[in-house]
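Presented below is the structure to which this report refers.
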Amino acid sequence: MIELCTKKRMAIAIIILISASVVTVVVESKWSSHHVINKEAELSAVAQSDNTSTCVNGYGTVINSCVECTAFELKLERRYCQETGLKTLIRCPDGRHLYKNCPADTWKEEKKFLLFECLTTITGLLSYAVVRYRQRRLDHLLMEKINRQIAAGL
């Protein structure tokens, strides 16, 4: 099937696939950010209903910004680490310190994904360049062999 495609058709197909991938990433990015916000609202409502994980009046000061949970906390399945794997330390007005979960940073995830996409694209382009070089070299060697046979036959 691929042998029947011309270079122009292959280029058009690749452009269409890349465009579809970009549109998919953008749509999923927009959808997932709204989806996460709704999920976080549900989590905060659940957390506020549990008196052991919130301050008395619901207010507190943030001591540490969002940090990743340790492997030990993840293994113990701490409530504040289960959803996103991130936690923040909060000081309640009554002097207690407690951890709460933080929303996942979507930009970090997008950045990792885009880095993966770029590395995959670079790997694909390098593979294409090596195959193209090899094909040209083999074609050149074949032409030399044919020319030598023709010269020997004359």
Side-chain angles (χ1 to χ4, degrees), residues 1-48 50 53-54 60-90 97-154:
M1 175 73 181
I2 199 165
E3 295 84 17
L4 301 176
C5 295
T6 63
K7 288 182 183 180
K8 186 176 180 180
R9 287 182 182 168
M10 289 296 284
I12 291 171
I14 290 171
I15 290 171
I16 290 172
L17 287 174
I18 290 173
S19 301
S21 297
V22 169
V23 168
T24 302
V25 167
V26 169
V27 169
E28 284 182 357
S29 170
K30 296 295 181 185
W31 180 80
S32 66
S33 65
H34 293 297
H35 182 64
V36 169
I37 290 171
N38 293 336
K39 194 171 190 178
E40 288 169 12
E42 292 172 11
L43 286 175
S44 65
V46 169
Q48 288 175 358
D50 184 9
S53 66
T54 60
T61 57
V62 175
I63 296 173
N64 287 343
S65 61
C66 290
V67 293
E68 290 187 21
C69 295
T70 62
F72 182 69
E73 290 172 323
L74 291 171
K75 188 178 271 189
L76 289 177
E77 296 182 355
R78 299 280 186 191
R79 183 174 180 189
Y80 51 83
C81 288
Q82 286 179 346
E83 289 297 319
T84 61
L86 300 172
K87 65 181 180 178
T88 185
L89 182 61
I90 297 176
H97 289 75
L98 57 93
Y99 286 105
K100 292 186 90 170
N101 64 346
C102 294
D105 188 9
T106 56
W107 171 242
K108 285 183 182 178
E109 296 298 322
E110 287 181 24
K111 194 170 152 183
K112 287 179 186 177
F113 176 74
L114 291 175
L115 178 65
F116 170 73
E117 287 291 319
C118 289
L119 289 175
T120 305
T121 303
I122 289 170
T123 303
L125 291 174
L126 286 174
S127 299
Y128 172 77
V130 168
V131 168
R132 187 78 174 147
Y133 172 77
R134 184 171 172 254
Q135 184 65 44
R136 285 185 179 175
R137 180 75 179 137
L138 290 173
D139 288 345
H140 181 71
L141 291 174
L142 181 64
M143 288 302 292
E144 285 181 1
K145 182 179 176 183
I146 292 172
N147 286 337
R148 273 186 272 134
Q149 289 175 347
I150 290 173
L154 292 177

Quiz prompt | Results of side chain to side chain contact (heavy atoms under 4.5 Å, CB included) for Ile12 - residues two or more places apart only | solution = Lys8, Ile16

Quiz prompt | side chain to side chain contact (heavy atoms under 4.5 Å, CB included) partners for Arg148, two or more places apart | solution = Glu144, Lys145

Quiz prompt | Residue pairs passing the salt bridge (charged side-chain N to carboxylate O under 4.0 Å, His left out) test where at least one lies in residues 12-21, sequence neighbours excluded | solution = none

Practice problem: Using the test side-chain hydrogen bond (donor to acceptor under 3.5 Å, both in side chains), find all partners of Glu117 that sit at least two apart in sequence or belong to another chain. | Solution: none

Practice problem: Go through the structure and list residues passing side chain to side chain contact (heavy atoms under 4.5 Å, CB included) with Leu86, not counting sequence neighbours. | Solution: Glu68, Thr84, Cys102

Practice problem: Please report the closest heavy-atom contact between Gly85 and Leu74, naming both atoms and the distance. | Solution: CA-CD2, 4.3 Å

Quiz item: Under the side-chain hydrogen bond (donor to acceptor under 3.5 Å, both in side chains) test, which residues partner Thr70, sequence neighbours left out?
Solution: Glu73

Self-check item: Under the side chain to side chain contact (heavy atoms under 4.5 Å, CB included) test, residues paired with Ile146 that sit two or more places apart
Solution: Leu142, Ile150

Practice problem: Measure the OH-CG distance between Tyr80 and Leu98 for me, rounded to the nearest 0.5 Å. | Solution: 10.0 Å

Quiz item: What residues form a side-chain hydrogen bond (donor to acceptor under 3.5 Å, both in side chains) with Asp139, not counting sequence neighbours?
Solution: Gln135

Practice problem: Please examine the side chains of His140 and Arg137, heavy atoms only from C-beta on, and report whether any two atoms are closer than 4.5 Å. | Solution: yes

Quiz item: Taking the side chain as C-beta and beyond, is there a heavy-atom pair between His97 and Ile90 under 4.5 Å?
Solution: no

What pairs of donor and acceptor atoms, side-chain ones from residues 123-132 against any protein atom, are under 3.5 angstrom apart with sequence neighbours left out?
{"unit_1": "Thr123", "atom_1": "OG1", "unit_2": "Leu119", "atom_2": "O", "d": "2.8"}
{"unit_1": "Ser127", "atom_1": "OG", "unit_2": "Thr123", "atom_2": "O", "d": "2.9"}

